[in-house]
Number of protein chains: 2
Amino acid sequence: MDVVAIADPDTERAIPQCRKMIEKAYGTKKKVAEYTKGPEDYLNMLKRGDIDAVIIATPWEWHTPQAVACMKAGITPAVEVCGASDVQECWDLVNTSEATRIPVFAMENVCYRRDVMAVLNMARQGLFGELLHLQGGYQHDLRNVKFNDGKQIYGGGVEFGEKAISEARWRTNHSVHRNGDLYPTHGLGPVGTMIDLNRGNRLVSLTSVATKARGLHKYIVEGPNGGANHPNAKVEFKLGDIVSSLIKTTNGETIMLSHDTNLPRPYSLNFRVQGTNGLWMDDFDSIHIEGKSKPHTWEKTGDPKEADSYFAKYEHPLWAKYANDASGAGHGGMDWFVINSFIESIKRGTPTSWTYTISLPGTQSLR
Amino acid sequence: MDVVAIADPDTERAIPQCRKMIEKAYGTKKKVAEYTKGPEDYLNMLKRGDIDAVIIATPWEWHTPQAVACMKAGITPAVEVCGASDVQECWDLVNTSEATRIPVFAMENVCYRRDVMAVLNMARQGLFGELLHLQGGYQHDLRNVKFNDGKQIYGGGVEFGEKAISEARWRTNHSVHRNGDLYPTHGLGPVGTMIDLNRGNRLVSLTSVATKARGLHKYIVEGPNGGANHPNAKVEFKLGDIVSSLIKTTNGETIMLSHDTNLPRPYSLNFRVQGTNGLWMDDFDSIHIEGKSKPHTWEKTGDPKEADSYFAKYEHPLWAKYANDASGAGHGGMDWFVINSFIESIKRGTPTSWTYTISLPGTQSLR
């Protein structure tokens, strides 16, 4: 496995960052080609002919066009969360994948979170009985990600777009122009795996409802270096502060997803996995299993380092084997697994483990 | 205030229980008239002419016909949870109330739960900012309420209907024949008060989704004195084990309700009250308020007996005044408040505080 090229129009920040990472991994002698002549220069990179796979970690609006271009060039793309931004982009990914027979790997790292994989293992072993209801979401106070002062990455101001840097430069625009669950896969990915979504099971109906939009405007008015007279106080945000979605599957499960990124709150992906024998809730590390737990009473899932905890007993085999390798990687180690899964699939020529193009025959479930 | 009559066709259990309660409250000399000649004998009671109000604590299917009969007789009914069972019954209550100008008092005791009223007080004082998203529900493992052995009230067998006693005799049938949120007001009542529902605000859309039905059949097969060959193992239950509902209001809030009564789980009414400044969650006694809580971190709402807890600081004036009177009453004291509220309204001739017939002018919000 070798990194041969990088592409990014942002020569001020993104390219130097990539250089640093490559130097750290390969040493100072390593040279990689750089495609930095504007936002379309990545197309020239795809023409090189020596590329098997591309990791797409660009602003959201680039995910689908770049993934489609990769597939058309015979290259397998891995796409950061969240991939497609509308229904047409979903079809673009599926149609191109079916036409080219190249899968799209969704880099949904939460599928590999240590506790989530232990819960997957519990589900596979039947601890919850027959699964019935699942919840997930993205509940994360992103106000100082969506706004900064143009100097620091997080917060310090209420700027976004051209006057901001990093994610606030592009991500916040999605809150101005779109209303819906902008980031569904942190929740849907892991619970989808548990109920074999698109491996025999399928989503059949979905209802999304949004609250009014208040949080981002309030932050501009009250936030650091903001105010009622700040030019951004006139911006009308379309994104409702909390978006709730209810989904039904062919197998009769229900899924509830939450998107909640504009308000003060503790971080929570809102997981709940419930079946005929009991349930797990992410919040406050809670589990209840009939026959094991005292009736009507929560237990703690506990720390995987405590031998008699649920999380130790049901540690997923992948984590049991690779916890040391993953140690120190991003987001509590789960980024190691998602990258590793992608690279291994490419090296071995096997189908990627969790893909958008799940209609392709032969793809395998993360078990 | 005086109890003059009781009506119930169940002369074996209900009438003796009522007699005991009356004796305990008034002494042995107190005599009340008894209407026990079949399920329609209550109509004769309503003709007495000396009754101002009736408390309806009968099986659900009687709530609406009895409330309607009360109003037509010029008597104000108080109805136990849950009142109407379908849309036609909702209209029957509203139309009769509007025609007779008599309100229907919904005995939704959770509106008066001590922590819930403290949270109402927090909401009124602006602690959460502008309210955006509210959750509630009825998540209660009722399997040993829905089934018993015909001798004890709770559990011991998998009988329901005629072979069972108490609630299992009638309540379980609603799980056989109906699919939906059978018990929405424990959740909707309290959060509805917080967002002035039907006092300027209004529900505008609702989507309900149910999982498949598994829990009750499983209990019959695996439960006490049950089995695969038990006659009830052939019963097909319509009620999905978990029913989730998403509601939008005219003021732009969203409400999520859960109904979950067929599965092993800890009791939880699933409350969440969230606004632009923070949120409260019933589960694990959790609160986060911007400017008070550490960023991204939960605090405990605490015990009202701890002076510096949120629940002490925001104790609702009604609880501050009447906690001693309510002490020892049903369901942690809240039953005292709901009965008291009804009786006081009748005595004073003022509108009842939380009614179905909320379109009547002059009704007052629980503040």
Side-chain angles (χ1 to χ4, degrees), chain A residues 129-133 135 140-141 144 205-215 217-219 222 240-249 251-256 258 260 262-268 274-279 281 283-284 286 288-291 293-299, chain B residues 129-133 135 140-141 144 205 207-215 217-219 222 240-249 251-256 258 260 262-268 274-279 281 283-286 288-291 293-299:
Chain A
E130 184 176 352
L131 293 181
L132 295 165
H133 177 71
Q135 293 185 186
H140 190 183
D141 176 0
N144 74 352
S205 71
L206 183 151
T207 303
S208 274
V209 182
T211 68
K212 50 195 163 187
R214 291 290 186 269
H217 173 78
K218 184 169 184 280
Y219 190 78
E222 299 174 6
D241 289 332
I242 298 165
V243 179
S244 307
S245 304
L246 262 181
I247 300 170
K248 182 89 185 251
T249 68
N251 285 357
E253 301 98 352
T254 52
I255 304 171
M256 210 277 286
S258 302
D260 171 359
N262 300 342
L263 302 168
R265 63 139 40 251
Y267 181 88
S268 162
Q274 184 165 11
T276 52
N277 285 350
L279 74 164
M281 284 203 322
D283 281 335
F284 303 100
S286 323
H288 175 84
I289 301 295
E290 183 155 51
S293 312
K294 271 173 56 183
H296 306 276
T297 306
W298 290 112
E299 290 186 85
Chain B
E130 185 176 353
L131 293 181
L132 296 164
H133 177 70
Q135 294 184 187
H140 190 185
D141 176 0
N144 74 352
S205 71
T207 303
S208 273
V209 182
T211 67
K212 50 194 163 189
R214 291 289 186 270
H217 173 78
K218 184 169 184 279
Y219 190 77
E222 300 173 6
D241 289 330
I242 298 164
V243 179
S244 307
S245 304
L246 263 181
I247 300 171
K248 182 89 185 250
T249 68
N251 284 357
E253 301 98 352
T254 53
I255 303 172
M256 211 278 286
S258 302
D260 171 359
N262 300 342
L263 301 169
R265 63 137 40 252
Y267 181 87
S268 163
Q274 184 166 11
T276 51
N277 285 351
L279 74 165
M281 285 203 322
D283 282 335
F284 303 100
D285 194 23
S286 323
H288 175 86
I289 302 295
E290 182 155 50
S293 312
K294 272 171 56 182
H296 305 277
T297 305
W298 290 111
E299 290 187 86

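A, B, ... follow the sequence lines: proteins, then strands. Residue 1 opens every chain.
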Problem - Region of A:S268 in contact with chain B, defined by heavy-atom distances below 4.5 Å - result: neither

Exercise for the section: Can you measure from CG (B:N262) to CG (A:L132) and round to the nearest 0.5 angstrom? Expected result: 9.5 Å

Exercise for the section: I would like to know whether A:N277 and B:K218 meet side chain to side chain contact (heavy atoms under 4.5 Å, CB included); could you show each step before the answer? Expected result: CA-CA 10 Å; A:N277 285 350; B:K218 184 169 184 279; 2.6 Å; yes

Practice task
Can you tell which part of B:S293 gets under 4.5 Å to a heavy atom of chain A, answering side chain, backbone, both or neither?
Solution key: neither

Handout entry: Flag for B:Q274-A:D260: side-chain donor and acceptor within less than 3.5 Å
Key = yes

Fill in the blank from the handout: Bottom line for B:L131: the part with an atom under 4.5 Å from chain A's heavy atoms is backbone

Handout entry: Distance, nearest 0.5 Å, that separates OG of B:S245 from CG of A:L246
Key = 7.5 Å

Problem - Check: A:D241 and B:H133 side chains under 4.5 Å, non-hydrogen atoms - result: no

Fill in the blank from the handout: Okay, A:S244 and chain B: the region with an atom under 4.5 Å from a heavy atom over there is both

Problem - Engaged part of B:L263 at the chain A interface, taking heavy atoms whose separation is under 4.5 Å - result: side chain

Handout entry: Among the listed options A:K248, A:R265, A:E253, the residue most often paired with chain B at heavy-atom distances under 4.5 Å
Key = A:R265

Fill in the blank from the handout: One option among B:G240, B:A213, B:P264 has the most heavy-atom pairs under 4.5 Å with chain A, and it is B:P264

Fill in the blank from the handout: Per-residue tally against chain A (heavy atom, under 4.5 Å) across B:T249, B:V243, B:L279 peaks at B:L279

Completion exercise
With chain A, the option among B:G215, B:A210, B:P295 that has the most non-hydrogen atom pairs under 4.5 Å is B:A210

Handout entry: Presence of salt bridge, A:E130 and B:K212, under 4.0 angstrom
Key = yes

Problem - B:T207 versus chain A, the contacting section by heavy-atom distance below 4.5 Å - result: both

Completion exercise
Note: vs chain A, highest number of non-hydrogen pairs under 4.5 angstrom among B:S208, B:S286, B:G129 is B:S286

Problem - Closest-packed option against chain B by number of heavy-atom pairs under 4.5 Å, given A:T276, A:I289, A:T297 - result: A:T276

Practice task
Assign the ring pair B:H296 / A:H140 to parallel, tilted or perpendicular, where the plane angle (0 to 90°) is split at 30° and 60°.
Solution key: perpendicular

Exercise for the section: Counting only heavy atoms closer than 4.5 Å, note whether B:D141 contacts chain A via side chain, backbone, both or neither. Expected result: both

